[in-house]
Amino acid sequence: MSDNEIKSPSNFIKQKIKDDIEKNINEGRVHTRFPPEPNGYLHIGHAKSICLNFGVASEFNGLCNLRFDDTNPSREEEEYVNAIIEDVKWLGFDWGERKHYASDYFDRLYDYAVQLIKDGKAFVCDLTPDEMREHRGTLTEPGKESPYRDRTVEENLELFEKMKAGEFDDGSRTLRAKIDMSSGNINMRDPVIYRIQRATHHMTGDKWCIYPMYDFTHCISDSIESITHSLCTLEFEDHRPLYDWFLDELNVFHPQQIEFARLNLSYMVMSKRKLLMLVHDGDVKGWDDPRMPTISGLRRRGYTPVSIRNFCDRIGVAKAESTVDIAMLEFCIREDLNKHAPRVMAVLNPLKVVITNYPDDKADELDAINNPEDPNAGTRKVPFSKVLYIERDDFMEDPPKKFFRLAPGREVRLRYAYFVTCIDIVKDSNGEITEIHCTYDPETRGGNAPDGPACRTGRRKVKATIHWVSAEHAVEGEVRLYNHLFIKENPEAGGDDFKSNMNPDSLEVLPACYMEPSLKDVQPGSRYQFERLGYFCVDPDSTAEKPVFNRTVTLRDTWAKLQKKM
RNA sequence: AGGGGUGUAGCCAAGCGGUAAGGCACCUGAUUCUGGUUCAGGCAUUCGGGGGUUCAAAUCCUCCCACCCCUGCCA
């Protein structure tokens with residue numbers, strides 16, 4: 001646990017585990033697993049599950065496995081398993097030697113299916129998908145039994161063997177559990193446990209043409225791995241009777257499934273299906289687009305592992321459906337970066353400033369503090385000269401009452417440099433301000449107000465300190481500003497029409513920003529605070545000629561808040 | 001003949017019969033060479049609603065209401 005990691009609070013799952021340990025269930029052993037299907041990239045919702053599973057394991061001196069739930073070869077790809085491995089590692093978790101694949105168990109799963117057949121608990125069914133749907137019944141009416149339900153054990157054994165041998169067409173037959181077609185729980189209405197599907201599997205290649213279904217695979221995989229607590233999301237709650245049924249019928253080690261609510265985030269969609277749509281339709285630039293809630297997107301955006309872990313601890317784990325305010329996530333990254341990100345000065349929307357009383361050819365270097373939150377971060381030199389850039393927002397010709405920054409006749413401090421006073425404005429033919437003229441006070445070098453008899457109250461006060469960059473020394477770089485991907489707090493409210501709620505201004509590219517020269521050779525992934533603006537992370541698109549920065553998050557901005565009220 | 005869940009502040013969330021933790025957001029004020037940070041304070045007479053049990057109920061009982069999930073050979 002690093003210095004700024006928060007303590008993980010209690011929740012109903014930890015309490016249950018604590019209870020089980022006290023009762024010496026499983027000899028007090030705790031073993032969990034994180035079981036992603038490799039059919040997409042991991043997102044912040046998975047991070048919640050990862051933190052929970054690995055978190056409780058470590059808290060109770062147990063283990064947590066990584067297991068790929070790869071029972072559907074038509075949707076799963078190696079690219080995804082690699083991305084998942086990278087993301088879980090990056091988040092800071094370690095599964096040791098315990099990286100497994102459900103497909104590792106295909107042989108055993110087959111044997112267990114044979115056992116069910118022998119026990120008269122499963123049968124081969126010839127119903128077509130349509131027929132099966134008709135037989136299933138509805139939510140309020142019971143289903144009808146399959147006409148193939150009473151085949152003999154021998155016949156079932158032979159047919160299942162032939163299914164495996166590839167003697168039947170895809171989809172022509174299934175193996176089904178024999179449970180109860182009149183159950184109120186549709187999952188118990190003779191669920192399919194094997195289907196015929198000729199597809200090359202990312203692990204087993206073309207060895208199989210029949211693949212086990214999730215319900216059958218998951219509980220047995222948990223059992224094989226001696227999982228004690230199988231944590232999953234709420235939608236599997238009514239699969240639990242089936243989970244239990246298989247394990248009981250097979251008479252094998254019986255892990256306990258416990259369900260918790262999945263994470264939703266305001267202004268975001270979280271289903272893999274919808275995220276995949278955004279990627280495929282080109283609405284974002286890829287799974288790792290910094291606007292995506294994917295782990296890889298958040299990483300590229302500049303989020304740190306500890307900030308995500310802290311977030312997961314703060315939101316808690318419960319059974320009530322919830323949508324967490326994205327502001328919570330933003331708080332967590334600010335909290336971490338405030339302590340660790342070096343400060344630098346960069347001007348995003350430049351306004352030229354000429355210091356009229358500063359010598360034309362003079363160049364000075366001033367000391368700037370790298371991180372006021374971290375005395376060990378030291379200082380650096382920042383060049384100063386006659387022509388500078390400041391932020392356009394930091395100057396107003398006709399400022400409102402509460403505007404403290406630069407305005408005609410007003411004095412402000414240039415951070416770590418001098419007090420300057422605006423004496424003139426230059427405009428073009430359209431009336432646009434093209435530059436402003438200021439004078440500087442040499443006595444204020446370093447930004448320190450001189451004490452003096454001239455001011456009886458002590459130091460000369462200035463109401464604002466603004467950032468700046470020396471024009472001559474500036475590094476030019478690109479900055480990408482990100483805003484919410486969706487304009488509605490709940491973009492999914494309209495079902496599949498969620499795309500109509502996309503924010504057209506979720507990405508703003510500023511191709512030519514001016515940055516202090518210390519930003520000349522930055523490494524992708526490095527994070528900085530641009531003073532007074534926000535936290536920024538170097539994008540892999542950066543080149544030696546031109547760094548590219550992603551805005552992770554803005555600083556809290558009480559001035560912006562004030563402006564909105566005005 | 002439906003089944004399974006969930007309701008505590010704007011958003012999360014503790015609480016487990018003894019009189020509503022904490023965080024985010026928001027609002028004051030102080031400090032500050034970042035309108036940042038930090039610090040101090042404020043923010044639910046009440047727990048979806050009605051009854052009941054009890055000296056005492058968010059916690060127990062009961063009835064009602066609202067919302068979510070389930071009719072893939074997806075996971």
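Just so it is clear, the structure is predicted and the values come from calculations on it, not from any experiment. Chain naming here is simple, since letters A, B, ... match the order of the sequence lines and numbering starts at 1 in each. The figures here come from the full heavy-atom set of this structure, side chains too, leaving out hydrogens, waters and symmetry mates.
A distance of about 8 Å separates the P atoms of B/C12 and B/U8, rounded to the whole Å. Across the P atoms, B/G23 and B/U37 are found 16 Å apart, a figure rounded to whole Å. Here, B/C67 and B/A14 have their C1' atoms 23 Å apart, quoted to the whole Å. B/A44 sits 48 Å from B/G72 when the P atoms are compared, rounded to a whole Å. Comparing B/A9 with B/A58, their C1' atoms sit 14 Å apart, to the nearest whole Å. The P atoms of B/G50 and B/C39 are separated by 41 Å, rounded to the nearest whole Å. Distance noted for atom P between B/C26 and B/A66: 35 Å (whole Å). Rounded to whole Å, the P atom of B/A40 lies 43 Å from the corresponding atom of B/G51.
Across all strands, A/Q529 comes closer than 4.0 Å to base atoms (heavy-atom distances). Note on A/I326: nothing from the nucleic acid sits closer than 4.0 angstrom, heavy atoms only. In this structure, A/L139 reaches the bases: a heavy-atom distance under 4.0 Å links it to at least one base atom across the strands shown. Here A/S182 lies in heavy-atom contact (under 4.0 Å) with a base. Within 4.0 Å of A/R240, counting heavy atoms only, lies no atom of the nucleic acid at all. Note on A/E237: only backbone sugar-phosphate atoms sit closer than 4.0 angstrom, heavy atoms only; bases stay farther off. At a threshold of 4.0 angstrom between heavy atoms, the contacts of A/F236 include nucleobase atoms, whether or not backbone atoms are also involved.
For the OP1/OP2 pair of B/A25 and a distance below 4.0 Å, the side-chain nitrogens and oxygens of A/R556 include no atom meeting the criterion. Within the 4.0 Å cut-off from OP1 or OP2 of B/G35, not a single side-chain nitrogen or oxygen of A/T465 is found. Between A/Q15 and B/G15 there is a side-chain polar atom (N or O) within less than 4.0 angstrom of OP1 or OP2. The side chain of A/T558 contributes an N or O atom lying less than 4.0 Å from OP1 or OP2 of B/G36. Contact annotation: A/R314 side-chain N/O to B/A13 OP1/OP2 distance is not under 4.0 Å. OP1 or OP2 of B/U32 has not a single side-chain nitrogen or oxygen of A/R532 nearer than 4.0 Å. Between A/K7 and B/G22, a side-chain N or O to OP1/OP2 separation shorter than 4.0 Å is absent. At B/C73, one or more side-chain N or O atoms of A/R136 fall inside 4.0 Å of OP1 or OP2 (strictly under the cut-off).
Nearest to the side-chain atoms of A/A320 among the listed nucleotides B/G35, B/C27, B/U6 stands B/U6. The nucleotide whose nearest atom lies closest to any side-chain atom of A/L555 is, among B/G36, B/A1, B/A75, B/G36. Among the nucleotides B/U71, B/A75, B/C73, the one closest to the side chain of A/E235 is B/A75. Nearest nucleotide to the A/P142 side chain, out of B/A1, B/C74, B/G2: B/A1. Closest to the A/K319 side chain, of the nucleotides B/U6, B/C68, B/G36, is B/U6. Comparing B/G2, B/G5, B/C74 by their nearest atom to the side chain of A/Q197 picks out B/C74. Out of B/A1, B/G72, B/G35, the shortest distance to the side chain of A/M213 is found at B/G72. Across B/A13, B/C70, B/A75, the shortest atom-to-atom separation from the side chain of A/D238 is found for B/C70. Comparing B/A13, B/A1, B/C11 by their nearest atom to the side chain of A/A318 picks out B/A13. Closest to the side chain of A/P372, out of B/C24, B/U71, B/G36, is B/G36.
In this structure, A/H201 has its ring center closer than 6.0 angstrom to the ring center of A/F106. A ring-centre distance under 6.0 Å is not found for A/Y535 and A/F530.
At a cut-off of 3.5 angstrom, the base of B/G36 holds at least one donor-acceptor pair with the side chain of A/E373. Counting distance only, with no hydrogens placed and no angle test, the side-chain atoms of A/R405 and the base atoms of B/G35 include a donor-acceptor pair under 3.5 Å. Between the side chain of A/N185 and the base of B/G4, no donor-acceptor pair of N or O atoms lies under 3.5 Å. Put simply, the side chain of A/R343 and the base of B/U34 share a donor and an acceptor less than 3.5 Å apart.
Using the Watson-Crick or G-U wobble rule with both distances under 3.5 Å, B/G10 pairs with B/C24. Within the shown strands, B/C70 is the pairing partner of B/G2 under the Watson-Crick or G-U definition, both distances less than 3.5 Å. The partner of B/U34 is absent, by the rule that a Watson-Crick or G-U pair needs both atom distances under 3.5 Å.
Ion pairing between a basic and an acidic side chain is recognised when a charged N comes within 4.0 Å of a carboxylate O; A/D126 and A/R151 show such pairing. A salt bridge does not link A/R136 to A/E131: none of the charged nitrogens lies less than 4.0 Å from a carboxylate oxygen.
A/R415 contributes no side-chain N or O that, together with a main-chain N or O of A/R413, makes up a donor-acceptor pair within less than 3.5 Å.
Nearer to the 5' terminus of RNA chain B, by closest-nucleotide assignment, is the contact made by A/D557 (compared with the other of A/D557 and A/V192). Heavy-atom distances to RNA chain B give each of A/P212 and A/W559 a nearest nucleotide, and the one nearer the 5′ end belongs to A/W559.
Two residues are said to be in side-chain contact when any heavy atoms from C-beta on lie closer than 4.5 Å; A/I44 and A/I308 meet this criterion.
Remark: A/I50 CD1 to A/K48 NZ distance equals 13.0 Å, nearest 0.5 Å.
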Quiz prompt | A/K488 and A/F498: CA distance, side-chain angles, deciding distance, side chain to side chain contact (heavy atoms under 4.5 Å, CB included) verdict | solution = CA-CA 9 Å; A/K488 282 203 183 159; A/F498 72 100; over 6 Å; no
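The aromatic rings of A/H484 and A/Y267 lie parallel to each other, with less than 30° between the two planes, well short of the 60° mark.
Base orientation of B/G15: anti (glycosidic angle beyond 90° from 0).
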